[in-house]
Amino acid sequence: METLQAARNRLNKSLGALRGSKQWDEAARAALAGAAAQAVAAGDYEAAERWLTGAGGPPPAGAPANAMDGLMDALRALGDRVNALNERVRAVEADLDEHMLWVPNLPHESVPVADSDEANVPWEPEGKPRAFDFTPLPHWELGPALDIIDFERGVKLAGSRAYVLKGWGARLQRALINLFLDMARARGFTELYVPYFVQEAMMYGAGQFPKFRDNVYYDPDADVYMLPTAEVAITNLHRDEILDEVQLPLYYVAHTPCFRREKVSAGRDVRGIKRVHQFEKVELYKFTTPETSYAELESLVEAASDVCRALQIPFRRLEIVTGDLGFSASKKYDLEMWAPGCGEWLEVSSCSNTEAFQARRANIKYRPQGSKKAQFVHTLNGSGLATPRVIIAVLENYQQADGSVIIPEALRPYLGGAERIARTG
RNA sequence: GGAGAGGUAGCGUAGUUGGUCUAACGCGCUCGCCUGGAACGCGAGUAGGGUUCACGCCCUCGUGGGUUCGAAUCCCACCCUCUCCGCCA
């Protein structure tokens, strides 16, 4: 059984062989071509093939002089049919692909079924919320009072939801980033420095596009998109590659700024630096085999939890239900730190197993040992952690009655051993 | 940004008057012979992906279009790399 396209390809090739053949003179070639043209017209491509290769017997007599042209016409008609059919296949597949890009990932069977984020399942918090003998202030009061967060000048520079960290505020953020990176490195994550902008295909590969196109910043001149998260860059690091199973799992960590337009939530979380257009995040990322990805998810959440423990800030794990999974995740846990000033749990980390969802889009495979067939890897991502909200948690949890803030012990090595942030001038 | 040279299988390269290119050769790799064991040498094999129970078929010579019965090869656009110049932290 041979496809029409295969017949076309074969006949074109055989025509080339015939025209270059020294076995026949011109009249004989014309005669063979004429016979082949008739066979093509009759739909008997195997017979046509035999004429062209000379396997069909000697050239028949009485071929018209323009038989070669006739054969070319016949092959052109055949090619037109093939192209028309291929065009229909392409159109259907393109349409299918376009629709498939809008289909979110399937939840893992262990994910609780519910339609609202209100049903997310909180685990028992770790660390006791501190008992205050005064009323703890929210960070949007603490920051300006300490002269370490400047909202007004941030807005002057860049508009709504922009902010400036100053003095201890900026240093505190830098210390947090270094702590996060060092803890990840200690767990075997390889540190990466990646571009902060990527090409459009990478956005599709990580599952940001097409659905979240409105949420990213775009430079139309350079045709590049600013990272909404390092996850986009790291996912595509091994795009179009086939890894060896012995290489897996791969652990990566990268610190990048994250740029988000946040158009959809213009009215929410307007006070302070909880939801901003630009923030710093240390991203943990894993490429694993399908067999190990759920165990790797647990250790990923543990890696992020360890950072919370190191800072000695009360936190809890939140098991995300089906209705709040988002677009790419099969299973997701959030980590939330308690913020006594604003009186809420703040999401500081989100750890997901996307299974093969991103790998399929970015074409990332691995070859199982002893197997010839490559298959998709599983990818996992998790914040470890994101700074603005951790800054909030540090300030609000460690604030003192006199308005100063004790520096968590884990951060002191990164701040010249300083123990306290106080208003200096 | 300007000028020039390039992009071919894991790597290096050949292939431009369009057709038997189903892409040659070298290295590397795999297997075998040889060896006490190795190296050397000799012989055989070896691009990837998709699809199929399988035979097979399809796609890929940077990417996308075009011309043609037929494109690694011809035409157009774009991307990237190298050398030189310009600019620059």
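So that the names make sense, note that chain A is the first sequence line, chain B the second, and so on, each numbered from 1.
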Engineer: Roughly how many Å is it from NZ in A:K13 to P in B:A23, rounded to a whole number?
Structural biologist: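 A:K13 atom NZ is separated from B:A23 atom P by 9 Å.
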
Engineer: Among the candidates B:C69, B:U51, B:C59, find the nucleotide nearest to the side-chain atoms of A:L75.
Structural biologist: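 Ranking B:C69, B:U51, B:C59 by closest atom to the A:L75 side chain puts B:C69 first.
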
Engineer: With both distances under 3.5 angstrom, what nucleotide forms a Watson-Crick or G-U wobble pair with B:C57?
Structural biologist: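 Matched B:C57 with B:G50 under the 3.5 Å cut-off.
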
Engineer: What is the pairing partner of B:G70, taking Watson-Crick or G-U wobble pairs with both distances under 3.5 Å in any strand?
Structural biologist: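 Answer to the pairing question: none, since B:G70 forms no Watson-Crick or G-U pair.
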
Engineer: Please determine, for B:G37, whether a Watson-Crick or G-U wobble partner exists with both distances under 3.5 Å, and give it or none.
Structural biologist: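 Its partner is none (no Watson-Crick or G-U wobble pair with both distances under 3.5 Å).
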
Engineer: Which nucleotide, B:C57, B:C69, B:G49, lies nearest any side-chain atom of A:M72?
Structural biologist: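 In terms of side-chain proximity for A:M72, the closest of B:C57, B:C69, B:G49 is B:C69.
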
Engineer: Can you tell me how far C1' of B:G48 sits from CG of A:N363, to the nearest Å?
Structural biologist: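 In whole Å, B:G48 C1' lies 12 Å from A:N363 CG.
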
Engineer: Without decimals, in angstroms, what is the distance between A:E93 CD and B:C58 P?
Structural biologist: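 Taking CD of A:E93 and P of B:C58, I get 16 Å after rounding.
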
Engineer: Starting at CD of A:E241 and ending at C1' of B:G48, how long is that distance when rounded to a whole Å?
Structural biologist: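 One finds 14 Å between C1' of B:G48 and CD of A:E241, rounded.
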
Engineer: According to a strict under-4.0 Å criterion, is A:R367 in side-chain N/O contact with OP1 or OP2 of B:G49?
Structural biologist: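 Answer yes for this pair, as a side-chain N or O of A:R367 is under 4.0 Å from OP1 or OP2.
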
Engineer: Which base, if any, makes a Watson-Crick or G-U wobble pair with B:A44, both distances under 3.5 Å?
Structural biologist: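 The answer is B:U30, by the H-bond criterion.
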
Engineer: Tell me which nucleotide, if any, is Watson-Crick or G-U wobble paired with B:G1 when both distances must be under 3.5 Å.
Structural biologist: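 For B:G1, the partner nucleotide comes out as B:C85, under the 3.5 Å rule.
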
Engineer: Of the listed nucleotides (B:G50, B:C59, B:G70), which one gets closest to any side-chain atom of A:K373?
Structural biologist: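 Output: B:G50.
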
Engineer: For A:E355 and A:H378, which I'm curious about, is there any donor-acceptor pair between the side chains at under 3.5 Å?
Structural biologist: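 The answer is no; no qualifying pair exists.
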
Engineer: Measure from the side chain of A:A374, starting at C-beta and using heavy atoms only, and say which of B:G49, B:C59, B:U51 lies closest.
Structural biologist: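 From the listed options, B:G49 comes nearest.
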
Engineer: In whole Å, measure the gap between the C1' atoms of B:U83 and B:G32 for me.
Structural biologist: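 Comparing C1' positions in B:U83 and B:G32 gives a spacing of 47 Å.
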
Engineer: State the pairing partner of B:A23; accept Watson-Crick or G-U wobble contacts with both distances under 3.5 Å, and report none otherwise.
Structural biologist: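 Pair assignment: B:A23 / none.
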
Engineer: Is the cationic atom of A:K211 (NZ for Lys, CZ for Arg) positioned less than 6.0 Å from the six-membered ring centroid of A:F327 and within 45 degrees of its normal?
Structural biologist: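 Verdict for A:F327: no cation-pi partner in A:K211.
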
Engineer: Need to verify one output field. Residue with the more 5' nearest nucleotide on RNA chain B, A:Q199 or A:N12?
Structural biologist: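 The residue closer to the strand's 5' end, by nearest nucleotide, is A:N12.
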
Engineer: To the side chain of A:L15, which of B:U51, B:C58, B:C69 is closest?
Structural biologist: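 Nearest listed nucleotide: B:C69.
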
Engineer: Could you tell me the separation between the CG atom of A:L78 and the C1' atom of B:U68, rounded to a whole number of Å?
Structural biologist: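 Spelled out: CG on A:L78 to C1' on B:U68 is 15 Å.
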
Engineer: Provide the Watson-Crick or G-U wobble partner of B:U16, both distances under 3.5 Å; none if there is no partner.
Structural biologist: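 The base-pairing partner of B:U16, which may sit in any strand shown, does not exist here.
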
Engineer: Students often get this wrong, so: under 4.0 angstrom with heavy atoms, is A:D73 touching a base, only sugar-phosphate, or nothing?
Structural biologist: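 Since no nucleic acid heavy atom lies under 4.0 Å of A:D73, the category is nothing.
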
Engineer: Distance under 6.0 Å and angle within 45° of the ring axis: does A:R361 meet both against A:Y204?
Structural biologist: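 No, A:R361 does not sit over the ring of A:Y204.
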
Engineer: What's A:I242 touching, base or sugar-phosphate or nothing? Going by heavy atoms closer than 4.0 Å.
Structural biologist: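 It contacts sugar-phosphate atoms only.
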
Engineer: Taking B:G26 as the reference, what is the distance to B:U63 when you measure between their C1' atoms (whole Å, please)?
Structural biologist: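 It works out to 29 Å between them.
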
Engineer: Among A:S352, A:S350, A:S383, exactly one meets side chain to side chain donor-acceptor pair (under 3.5 Å) together with A:D334. Which residue is that?
Structural biologist: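 With A:D334 as partner, side chain to side chain donor-acceptor pair (under 3.5 Å) holds for just one option, A:S350.
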
Engineer: If we count only N and O atoms by modelled type, under 3.5 Å, do the side chains of A:Y225 and A:R213 hold a donor and an acceptor together?
Structural biologist: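 Side-chain D/A pair, A:Y225 to A:R213: present.
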
Engineer: Give me the distance, rounded to whole Å, that separates B:C34 from B:U73 when you measure between the P atoms they each carry.
Structural biologist: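 It comes out at 48 Å once rounded to the nearest Å.
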
Engineer: Both distances below 3.5 Å, Watson-Crick or wobble geometry, any strand: find the nucleotide opposite B:A77.
Structural biologist: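 Its partner is B:U63.
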
Engineer: Please report, rounded to the nearest Å, how far the P atom of B:U51 is from the CG atom of A:N86.
Structural biologist: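 A:N86 atom CG is separated from B:U51 atom P by 18 Å.
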
Engineer: I'd like the P distance from B:A72 over to B:C58, given in whole Å.
Structural biologist: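 Rounded to whole Å, the distance is 14 Å.
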
Engineer: Taking OH from A:Y45 and P from B:C57, how many angstroms apart are they, rounded to a whole number?
Structural biologist: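 That distance rounds to 17 Å.
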
Engineer: Tell me, with the steps shown, if A:F180 and A:H255 meet ring pair (Phe, Tyr, Trp, His ring centres under 6.0 Å).
Structural biologist: CA-CA 9 Å; A:F180 300 163; A:H255 156 237; 9.4 Å; no

Engineer: So, A:T288 and A:E296: side-chain donor and acceptor under 3.5 Å apart, yes or no?
Structural biologist: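 Distance-only check fails for A:T288 and A:E296.
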
Engineer: Quick one: label A:R76 by what it contacts on the DNA or RNA (base, sugar-phosphate, nothing), any heavy atom closer than 4.0 Å.
Structural biologist: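 Sugar-phosphate: the residue A:R76, judged by heavy atoms under 4.0 Å, touches backbone atoms but no base.
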
Engineer: Could you work out the separation of B:G6 and B:G45 based on their P atoms and round it to a whole Å?
Structural biologist: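 Approximately 35 Å lies between the P atom of B:G6 and that of B:G45.
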
Engineer: Atom CZ of A:R360 to atom C1' of B:G50: distance rounded to whole Å?
Structural biologist: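 Nearest whole value for this atom pair: 15 Å.
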
Engineer: Please report the distance separating the C1' of B:G56 from the corresponding atom of B:U8, rounded so that it comes out in whole Å.
Structural biologist: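 Taking atom C1' in both B:G56 and B:U8, they lie 27 Å apart.
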
Engineer: Say you pick atom P in B:C21 and the same atom in B:C31; how far apart are they, in whole Å?
Structural biologist: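 Approximately 32 Å lies between the P atom of B:C21 and that of B:C31.
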
Engineer: Looking at B:C69, B:C59, B:U51, which one has an atom nearest to any side-chain atom of A:N9?
Structural biologist: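 Selected nucleotide (nearest to the side chain): B:C59.
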
Engineer: Given the rule in the ring pair (Phe, Tyr, Trp, His ring centres under 6.0 Å) test, do A:Y217 and A:F197 qualify, once you have shown the distances and angles that lead to the verdict?
Structural biologist: CA-CA 9 Å; A:Y217 290 95; A:F197 44 87; over 10 Å; no

Engineer: When the P atoms of B:U60 and B:U20 are compared, how many Å lie between them, rounded to an integer?
Structural biologist: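 One P to the other, the span is 16 Å.
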
